[in-house]
Asks: 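This is the structure I have questions about; it appears just below.
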Amino acid sequence: MVTRFAPSPTGFLHIGGARTALFNLLFARHHGGKFLLRIEDTDAARSTQEAIEAIVEGMRWMGLDWDDEVVFQSQRIARHAEVAAAMLDSGHAYRCYATAEELEAMRAEQRAAKQPMRYDGRWRDRTCGPEHEGQPFVVRLRAPREGETVIDDAVQGRVTVANAELDDMVLLRSDGTPTYMLAVVVDDHDMGVTHVIRGDDHLNNAFRQLGIVKAMGWPEPVYGHLPLLHGHDGAKLSKRHGALGVEAYRDDLGILPEALENYLLRLGWGHGDDEIISHDDAVRWFDLGGVGRSPSRFDVKKLEHINGHYIRGADDGRLAQLVAERLDEVPHPHDVRLLTVAMPALKMRAKDLNELADGAQFLFAPRPLAMDAAAAALLEGGASDLLARLHATLSRVADWTAANVEEAVREVSGEAGIKLGKVAQPLRAALTGRATSPGIFDVLVLLGREESLARIADRVSQGVNA
RNA sequence: GGCCCCUUCGUCUAGUGGUUAGGACGCGGCCCUUUCACGGCUGAAACACGGGUUCAAGUCCCGUAGGGGUCACCA
């Protein structure tokens with residue numbers, strides 16, 4: 001079995017495209033087949049090298065590893081033309097000399113008459129007279145007009161369309177280059193693609209493409225048309241819904257690739273009550289039969305939840321590296337080692353890399369610390385006195401371990417007759433500048449004796465409002 | 001508009017004739033607790049509507065409504 005992902009390089013790796021690629025990959029791996037990548041760059045005007053790189057990079061990041069070499073459709077135009085010529089020879093295609101203006105007029109008439117807009121086949125049975133000699137022409141498929149075409153779609157089920165609905169589409173443009181319709185069919189055939197798994201928006205195309213397959217006498221591939229992804233409001237995913245490219249999920253939203261894969265997999269597909277599914281299990285369980293037929297809405301909240309799950313389980317060193325990259329804006333030199341040590345406490349509290357980086361700020365914040373509003377509020381009243389006592393008691397701790405600092409803090413709490421929470425909060429504010437942070441004893445240890453005492457002293461000497 | 005497809009909690013889904021219609025996200029409450037998270041328990045929340053078929057329908061059939069896709073010398 002051979003599947004493929006065939007994006008056109010006009011921007012980035014679309015989130016919906018990533019899901020299509022994922023399903024193709026999973027299907028191939030599940031059945032022990034191949035997963036290929038083809039770049040559909042026949043539209044020179046819209047295709048860019050940057051877009052190709054963005055797609056390749058996005059796929060690598062997602063772990064969507066394809067087999068064999070990448071196929072570039074643009075390099076195969078000679079072969080496409082060859083097939084078109086063969087179809088011309090066999091009578092399955094014909095030359096059409098209708099001009100763009102002529103066709104536009106035809107469509108305008110059809111629109112006005114509320115008729116379906118289709119090519120009327122005006123050159124279907126007409127041979128080129130001397131007046132058209134040397135004039136530009138396109139090559140069109142001579143599609144059957146009677147009967148119907150049936151596709152047993154692996155996702156959508158049996159779908160039937162009357163052949164009268166299908167017009168004679170263009171195979172070769174007047175400049176001799178192939179249209180998408182011709183190119184996909186030829187490339188899929190030549191690449192040995194057995195299962196064409198792609199977006200629902202191609203279902204109608206499949207009927208027309210099948211016409212070429214049949215004309216050439218090639219084996220019909222199995223089609224599987226996946227429902228499209230929609231935004232939270234039910235409309236087709238577009239810019240106004242936010243992030244569209246996978247790199248935005250990586251860079252802007254701070255999503256881990258395994259989380260995105262898991263989320264995308266669950267969109268339109270399910271395996272009982274399973275929610276957290278490893279890649280290996282996905283390969284083991286995935287098949288097209290389980291794919292739903294209705295479009296699903298993208299829910300960032302659930303993505304974030306899954307992301308939080310994977311962050312908690314991720315390697316501390318890896319996370320530290322990722323966070324360090326995000327902290328580059330901070331002038332203070334940061335320490336990946338410290339981040340790594342702090343990570344177990346940090347990652348418990350973040351559902352994306354941005355929150356993780358934000359939660360790590362205090363480790364490197366320069367003294368005297370800036371207090372946010374909530375922290376400042378905690379330092380009002382008798383906080384200065386309390387911090388002075390904390391400073392005095394903590395100063396006597398020689399061996400700066402979590403157990404020892406905890407003992408010291410509890411001692412102050414007991415002596416002052418103040419509940420631990422009331423002691424911990426001002427202390428947290430003094431140490432982190434925030435009202436929330438990892439456990440206060442962890443913070444003390446992470447910061448170290450010297451830095452901790454200095455931060456507390458800052459608050460005592462500068463008073464509560466500093 | 002023509003053609004094609006879709007319709008279970010707000011969202012993602014389980015469910016393949018007989019279930020108190022299950023799980024997850026989100027939301028509310030409680031517990032844990034030095035804050036925030038995590039975790040645990042718990043609550044509210046769905047079979048679009050109308051006809052059939054059947055002893056029995058979320059599950060099958062037909063309509064209706066709503067939604068989506070597609071109608072290029074773009075892919």
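Predicted model, so just to flag it, every value in this text is computed and none were measured. Each chain gets a letter, A, B and so on, in the order the sequences are listed, and its residues count up from 1.
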Asks: Taking only the C1' atom of each, what is the distance from A46(B) to G22(B) in whole angstrom?
Replies: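 That atom pair is separated by 12 Å.
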Asks: Any donor-acceptor pair under 3.5 Å between the side chain of S296(A) and the base of C12(B)?
Replies: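 When only heavy-atom distances are counted, S296(A) does not reach the base of C12(B) through any donor-acceptor pair under 3.5 Å.
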Asks: Does a side-chain N-to-carboxylate-O contact under 4.0 Å join K347(A) and D316(A)?
Replies: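 Counted as a salt bridge, because a side-chain N and a carboxylate O are separated by less than 4.0 Å.
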Asks: For U70(B) and C36(B), measure between their C1' atoms and round to the nearest Å.
Replies: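 To the nearest whole Å, 50 Å.
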Asks: Do the ring planes of F12(A) and H14(A) sit parallel (below 30°), tilted (30 to 60°) or perpendicular (above 60°)?
Replies: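 If you compare the ring of F12(A) with that of H14(A), the planes turn out tilted.
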Asks: Assess R19(A) against F23(A): is NZ or CZ under 6.0 Å from the centre of the six-membered ring, and within 45 degrees of the ring's axis?
Replies: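 Positive - R19(A) is close enough to the ring of F23(A) and near enough to its axis.
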Asks: Look at the side chain of H305(A) and decide which nucleotide, out of C25(B), A75(B), C73(B), has an atom nearest to it.
Replies: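 So the side chain of H305(A) is nearest to C25(B).
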Asks: Base, sugar-phosphate, or nothing: which does E275(A) touch, judged by heavy atoms less than 4.0 Å apart?
Replies: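 If one applies the 4.0 Å heavy-atom cut-off, E275(A) turns out to touch a base.
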Asks: In whole Å, measure the gap between the P atoms of G29(B) and A65(B) for me.
Replies: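 Between the two P atoms, the distance is 43 Å.
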Asks: For G1(B), which nucleotide in any strand shown is its Watson-Crick or wobble partner with both distances under 3.5 Å?
Replies: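 In the structure as shown, G1(B) has C71(B) as its Watson-Crick or wobble partner.
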Asks: What distance, rounded to whole Å, do you find between the two P atoms, one in C73(B) and one in G15(B)?
Replies: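 Here C73(B) and G15(B) have their P atoms 43 Å from each other.
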Asks: Scan M169(A) against the nucleic acid and name what it touches under 4.0 Å (heavy atoms): base, sugar-phosphate only, or nothing.
Replies: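 No contact.
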Asks: Does the ring center of Y94(A) lie less than 6.0 Å from the ring center of W123(A)?
Replies: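 When the ring centroids of Y94(A) and W123(A) are compared, they turn out to be at least 6.0 Å apart.
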Asks: Please report the C-alpha distance between R284(A) and H30(A) in whole Å, then the side-chain angles of each, then the deciding distance to 0.1 Å, and finally whether the side chain to side chain donor-acceptor pair (under 3.5 Å) criterion is met.
Replies: CA-CA 6 Å; R284(A) 205 165 293 133; H30(A) 177 79; over 6 Å; no
Asks: Closer than 3.5 angstrom, by distance alone: can the side chain of Y263(A) be matched with the main-chain N or O of D299(A) as a donor-acceptor pair?
Replies: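 Answer holds: yes.
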Asks: Would you mind reporting whether R459(A) and S384(A) have side-chain heavy atoms less than 4.5 Å apart?
Replies: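 Side chain of S384(A) against side chain of R459(A), heavy atoms only: no contact under 4.5 Å found.
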Asks: For a quick check of understanding: with a heavy-atom distance under 4.0 Å over all strands, which category does T42(A) fall into, base, sugar-phosphate or nothing?
Replies: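 Here T42(A) touches the backbone only, sparing every base.
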Asks: Mind checking who A21(B) pairs with, Watson-Crick or G-U wobble, both distances under 3.5 Å?
Replies: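 Across any shown strand, A21(B) pairs with none.
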Asks: Counting any heavy atom closer than 4.0 Å, what does G308(A) reach on the DNA or RNA strands: base, sugar-phosphate only, or nothing?
Replies: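 Touches nothing.
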Asks: Do the side chains of R266(A) and E261(A) get close enough for a salt bridge, i.e. N-O under 4.0 angstrom?
Replies: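 Looking at E261(A) together with R266(A), the answer is no, because their closest N to O distance does not fall below 4.0 Å.
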Asks: Paired with A56(B) by Watson-Crick or G-U wobble geometry, both distances under 3.5 Å: which nucleotide is it?
Replies: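 Matched A56(B) with nothing under the 3.5 Å cut-off.
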Asks: Contact class for T10(A) vs. all strands (heavy atom < 4.0 Å): base, sugar-phosphate, or nothing?
Replies: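 No contact at all - T10(A) keeps every heavy atom at 4.0 Å or more from the nucleic acid.
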Asks: C1' atom, A37(B) versus C5(B): distance in rounded Å?
Replies: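 Between the two C1' atoms, the distance is 43 Å.
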Asks: Strictly by Watson-Crick or wobble contacts shorter than 3.5 Å, is anything paired with C30(B), and which nucleotide is it?
Replies: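 Across all strands, the one nucleotide that pairs with C30(B) is G40(B).
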Asks: Protein-nucleotides 58-63 of chain B N/O pairs closer than 3.5 Å?
Replies:
none

Asks: Give a yes-or-no answer on whether the side chains of Q425(A) and R428(A) include a donor-acceptor pair shorter than 3.5 Å.
Replies: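 Their side chains do contain a donor-acceptor pair, which is all the 3.5 Å distance test asks for.
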Asks: Could I get a table of every N or O pair under 3.5 Å where one atom is in the protein and the other is in nucleotides 15-22 of chain B?
Replies:
{"residue": "G22(B)", "atom": "N2", "partner": "D273(A)", "partner atom": "OD1", "Å": "3.1"}

Asks: If pairing requires Watson-Crick or G-U wobble contacts with both distances under 3.5 Å, which nucleotide is the partner of G66(B)?
Replies: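 Partner of G66(B): C6(B).
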Asks: Provide the distance between the two P atoms, one in G26(B) and one in G2(B), to the nearest whole Å.
Replies: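 These two P atoms come out 43 Å apart once rounded.
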Asks: Of the candidate nucleotides C5(B), G26(B), C6(B), which contains the atom at the shortest distance from the side chain of V159(A)?
Replies: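 In terms of side-chain proximity for V159(A), the closest of C5(B), G26(B), C6(B) is C5(B).
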Asks: Counting only N and O atoms by type, is there a donor-acceptor contact under 3.5 Å from the side chain of H80(A) to the main-chain atoms of R76(A)?
Replies: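 Yes, because the side chain of H80(A) sits within donor-acceptor range (under 3.5 Å) of the backbone of R76(A).
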Asks: Expressed as a whole number of Å, how far does the P atom of A75(B) sit from that of U13(B)?
Replies: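 Taking atom P in both A75(B) and U13(B), they lie 31 Å apart.
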Asks: Hey, what are the protein-to-nucleotides 69-72 of chain B N/O distances that come in under 3.5 Å?
Replies:
{"residue": "G69(B)", "atom": "N2", "partner": "N204(A)", "partner atom": "ND2", "Å": "3.3"}
{"residue": "U70(B)", "atom": "O4'", "partner": "N204(A)", "partner atom": "ND2", "Å": "3.2"}
{"residue": "C71(B)", "atom": "O2'", "partner": "M117(A)", "partner atom": "O", "Å": "3.2"}

Asks: When the P atoms of C31(B) and C47(B) are compared, how many Å lie between them, rounded to an integer?
Replies: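 Straight-line distance between the two P atoms is 33 Å.
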Asks: What pairs with F5(A) under ring pair (Phe, Tyr, Trp, His ring centres under 6.0 Å), at least two apart in sequence or on another chain?
Replies: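 Result, ring pair (Phe, Tyr, Trp, His ring centres under 6.0 Å) vs F5(A): none returned.
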Asks: Does F137(A) have R95(A) sitting over its ring (NZ/CZ under 6.0 Å from centre, angle to axis within 45°)?
Replies: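 So R95(A) does make the cation-pi contact.
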Asks: Is there a donor-acceptor pair under 3.5 Å between the side chain of S413(A) and the backbone N or O of V409(A)?
Replies: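 No; zero donor-acceptor contacts below 3.5 Å.
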Asks: Can you tell me which nucleotide in C3(B), U11(B), A75(B) comes closest to the side chain of Q73(A)?
Replies: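 Looking only at heavy atoms from C-beta outward on Q73(A), the closest nucleotide is A75(B).
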Asks: Using a strict 4.0 Å threshold on nitrogen-to-oxygen distance, state whether R79(A) and E82(A) make a salt bridge.
Replies: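 Salt bridge flag = yes for E82(A) with R79(A).
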Asks: Can a side chain N or O of R266(A) be found less than 4.0 Å away from OP1 or OP2 on C12(B)?
Replies: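 It does not, given that no N or O in the side chain of R266(A) lies less than 4.0 Å from OP1 or OP2 of C12(B).
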Asks: Which is true for A98(A) with a 4.0 Å heavy-atom rule: it touches a base, it touches only sugar-phosphate, or it touches nothing?
Replies: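 Here A98(A) touches the bases of the nucleic acid.
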Asks: State which residues pass ring pair (Phe, Tyr, Trp, His ring centres under 6.0 Å) with H232(A); sequence neighbours excluded, sorted by chain then number.
Replies: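 Once residues adjacent in sequence are excluded, the partners of H232(A) under the ring pair (Phe, Tyr, Trp, His ring centres under 6.0 Å) criterion are H241(A).
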Asks: Between the protein and nucleotides 29-37 of chain B, list every N/O to N/O distance that falls short of 3.5 Å.
Replies:
{"residue": "U34(B)", "atom": "O2", "partner": "R428(A)", "partner atom": "NH2", "Å": "2.5"}
{"residue": "U34(B)", "atom": "N3", "partner": "I440(A)", "partner atom": "N", "Å": "3.3"}
{"residue": "U35(B)", "atom": "O4'", "partner": "Q425(A)", "partner atom": "OE1", "Å": "3.1"}
{"residue": "U35(B)", "atom": "O2'", "partner": "A435(A)", "partner atom": "O", "Å": "3.1"}
{"residue": "U35(B)", "atom": "N1", "partner": "R428(A)", "partner atom": "NH2", "Å": "3.2"}
{"residue": "U35(B)", "atom": "O2", "partner": "S437(A)", "partner atom": "N", "Å": "2.9"}
{"residue": "U35(B)", "atom": "O2", "partner": "S437(A)", "partner atom": "O", "Å": "3.1"}
{"residue": "U35(B)", "atom": "N3", "partner": "R428(A)", "partner atom": "NH1", "Å": "3.2"}
{"residue": "U35(B)", "atom": "N3", "partner": "S437(A)", "partner atom": "O", "Å": "2.7"}
{"residue": "U35(B)", "atom": "O4", "partner": "R349(A)", "partner atom": "NH2", "Å": "3.3"}
{"residue": "U35(B)", "atom": "O4", "partner": "G439(A)", "partner atom": "N", "Å": "3.2"}
{"residue": "C36(B)", "atom": "O2", "partner": "R349(A)", "partner atom": "NE", "Å": "2.5"}
{"residue": "C36(B)", "atom": "N3", "partner": "R349(A)", "partner atom": "NE", "Å": "3.2"}
{"residue": "C36(B)", "atom": "N3", "partner": "R349(A)", "partner atom": "NH2", "Å": "3.0"}
{"residue": "A37(B)", "atom": "O2'", "partner": "M348(A)", "partner atom": "O", "Å": "2.6"}

Asks: Check for me whether R434(A) meets the cation-pi criterion with F362(A), that is, NZ or CZ under 6.0 Å from the six-membered ring centre and within 45 degrees of the ring axis.
Replies: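 Not satisfied by the 6.0 Å and 45° rule.
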